Amino acid sequence: MSLALQFFIASGVGLLAAMLLVGLWVTSQIRDGVMRNSAATTALYVDSVIAPLLPDMRKSRELSDTVKRALDETLGQGALGKRLVSFKLWRRDGMILYADDAELIGKTFPPNHNLISAFAGNVMAEYNDLDDDPEAGEEKTVNAPLFEIYNPVREPWSGEVVAVSEFYEIADDFQETLNAALWSTWLVVAGATAAALALLSGIVFRGSRTIETQRTALEAKVTELQSALSQNSSLRQRVQRASRRATAINERYLRRIGADLHDGPAQLVALAALRMDSPLLLDPAASSELREAEISGIHKTLGEAMREIRGICNGLVLPQIETQAVVDILALAVKEHERRTSSKVALTLPGRLPELGTSEKISIYRFVQEGLNNAWRHGKGKDQAVRAGMKGGRLMVEVMDGGPGFDPSRSEGLGLAGLRERIESIGGQFETLSGPQGTRLVITLSVEEQP
């Protein structure tokens, strides 16, 4: 779907929901307003007819037979008798002083919410709701909409509420008036909503046509850019391949240096050990036992020196990692570090990592080797850890420690600088994060699996 059509559907649903909410709220306000006005008008009319017939309710706790007959005659004939279905006069304690149903006179019922509010001076009205009226009898049998009104009866000179009249009015006219008002309200709300939707949709559809025209022009530009990017990608791959070859050549140089150190200096030191001029060796008077002990000590010392030189050579020469998996290379680098430093390194690896080329493997090994050496030398070997995993289609390798850290922006040694150049030369990213809680080195490599 186009953006304009999506907007039309979404805004249509939203405006429809808003129309329903506004319509329901407005109609409820209109319903309440019409009900209050109708109740107040009817209550005033009934009160003007009934009030003159009532005695002083402050002095009379019950109505006399004369007053009851007068109320019977008034409520049973004329316009008032046609409009009212039933009538009750309540005392404050819930006793019915008068009712057109004589059986209810003198009975006491628990005051409901409307009765309590009426004694507080409010005119209360309900429409077709007889569920909470326990004394309702014949009202429930009337097949017509009813308007229930509670009207406070006030003392003329003090205005104090001394009784409450409850009556039910046939509300055919009220229902028709209310329905007409509600229908008018819904028509106005629906018309306003439709006009707003049409206006917004017109603006959006016009904007959508403009966007479509611009998108066509942009697609043509994108096609040209894709062609240029394809050429750039080809050049980038050629540069990375050349960099990988350079990395492999550098590693071969390191192996050659290691072999030279092993075969050259070590042998010269061994030869020097045999030719060292010792007083015990040159003194003819020295005993053979002392001479032999001296020679043995010289051999032992030079043997240790030779082992140290061979250890350095082994550090310069990488193991045969071309045929090993990335997981095995990481484990080997950690194992060699633990052997050299007699420390522990927490290694976290997934079950499988993608196979990479020789340059990437060498770079990963050198990164872990240098990172752990720094963690041992500068971080005191605290909380050393190596972690590897895949994120967003890229391989991430991290080396961490819990040492005091340093400021990467002010200090980056030769080893880290060399690592950064090595990683970036094969298209990777190198990141140094350090603080009082420790140091974290992270490299990210593009995954291009190779056979």
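All values below come from the heavy atoms of this structure, side chains included, with hydrogens, waters and symmetry mates left out. Given the structure is predicted, the values throughout are model-derived calculations rather than measurements.
- Taking CD1 of I443 as the reference point, atom CZ of F367 lies at 5.0 Å (rounded to 0.5 Å).
- Distance CG/L332 to NE2/H337: 13.5 Å, rounded to 0.5 Å.
- Using a 4.5 Å heavy-atom cutoff, the side chains of L445 and I423 are in contact.
- Using a 4.5 Å heavy-atom cutoff, the side chains of N112 and Y150 are in contact.
- One finds the OG1 atom of T439 at 9.5 Å from the NE2 atom of H378 (value rounded to the nearest 0.5 Å).
- Proximity of a side-chain donor or acceptor of D101 to a complementary backbone N or O of L104 within less than 3.5 Å is not detected.
- At least one side-chain heavy atom of L356 sits less than 4.5 Å from a side-chain heavy atom of L395.
- Without hydrogens or angle criteria, S117 side chain to H113 main chain gives a donor-acceptor distance under 3.5 Å.
- Two residues are said to be in side-chain contact when any heavy atoms from C-beta on lie closer than 4.5 Å; T213 and R209 fail this criterion.
- The side-chain heavy atoms of P354 and M390, taken from C-beta on, include a pair separated by under 4.5 Å.
- Without hydrogens or angle criteria, S28 side chain to W25 main chain gives a donor-acceptor distance under 3.5 Å.
- No donor-acceptor distance shorter than 3.5 angstrom exists from the side chain of D328 to the backbone of Q324, with no hydrogens or angles considered.
- Contact check for V397 versus V442: no side-chain heavy atoms found under the 4.5 Å cut-off.
- The existence of a salt bridge linking E431 and R420 is excluded, since no basic side-chain nitrogen approaches an acidic carboxylate oxygen closer than 4.0 Å.
- Taking each heavy atom of A388 and L349 in turn, the nearest pair found is CB-CD2, 3.8 Å.
- Nearest heavy atom pair, residue W186 against residue M19, reads CZ3-O, 3.9 Å.
- The backbone N or O of E148 sits nowhere less than 3.5 Å from a side-chain atom of E169 that would complete a donor-acceptor pair.
- Considering only heavy atoms from C-beta on, Y365 comes within 4.5 Å of E336 through its side chain.
- With a 4.5 Å cut-off on side-chain heavy atoms, L330 and I364 count as touching.
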Report task. Go through W376 and Q384 one step at a time and tell me if the side chain to side chain contact (heavy atoms under 4.5 Å, CB included) criterion holds. Result -> CA-CA 8 Å; W376 172 256; Q384 300 175 113; 3.9 Å; yes
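- Counting all heavy atoms, side chain and backbone alike, E338 lies closest to V345 at OE2-N, 3.0 Å.
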Requested in this report: Go through the steps for E355 and K361 under the test side chain to side chain contact (heavy atoms under 4.5 Å, CB included), then give the verdict.
Outcome: CA-CA 9 Å; E355 185 64 22; K361 293 179 181 180; 2.4 Å; yes
Requested in this report: Take E212 and R215 through the salt bridge (Lys or Arg N to Asp or Glu O under 4.0 Å) test and state the conclusion after the steps.
Outcome: CA-CA 5 Å; E212 188 67 25; R215 186 178 66 178; 2.5 Å; yes
Report task. Kindly determine whether I426 and Q240 satisfy side chain to side chain contact (heavy atoms under 4.5 Å, CB included), including the steps that lead there. Result -> CA-CA 5 Å; I426 59 173; Q240 288 186 357; 5.8 Å; no
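- Rounding to the nearest 0.5 angstrom, the gap separating the CG atom in L20 from the CG atom in L24 is 6.0 Å.
- A donor-acceptor pair is defined here as one N or O able to donate and one able to accept, closer than 3.5 Å; such a pair exists between the side chain of S434 and the backbone of F406.
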Report task. I would like to know whether W90 and M95 meet side chain to side chain contact (heavy atoms under 4.5 Å, CB included); could you show each step before the answer? Result -> CA-CA 6 Å; W90 293 86; M95 176 181 169; over 6 Å; no
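- When every heavy atom of F167 is checked against every heavy atom of N151, the shortest pair comes out as CE2-CB, 4.3 Å.
- Sequence neighbours left out, the pairs with a member in residues 386-403 that pass side chain to side chain donor-acceptor pair (under 3.5 Å) are R387-E398, R394-S446, E398-R440.
- Here the closest heavy-atom approach between residue V123 and residue P152 is recorded as CG2-CD, 3.9 Å.
- Between the T210 side chain and the R206 main chain, a donor and an acceptor come within less than 3.5 Å of each other.
- The distance from atom CG of L15 to atom CG of L200, rounded to the nearest 0.5 Å, is 7.0 Å.
- Judged purely by atom type and a 3.5 angstrom limit, S234 has no side-chain atom pairing as donor or acceptor with the backbone of S230.
- Between V368 and A333, the closest heavy-atom pair is CG1-CB, 3.7 Å.
- In this structure, CD in E166 is found 7.5 Å from CG in L115, a value given to the nearest 0.5 Å.
- Around the CZ atom of R377, the shell of radius 6.0 Å holds more than 12 heavy atoms that belong to other residues, nucleotides or ligands.
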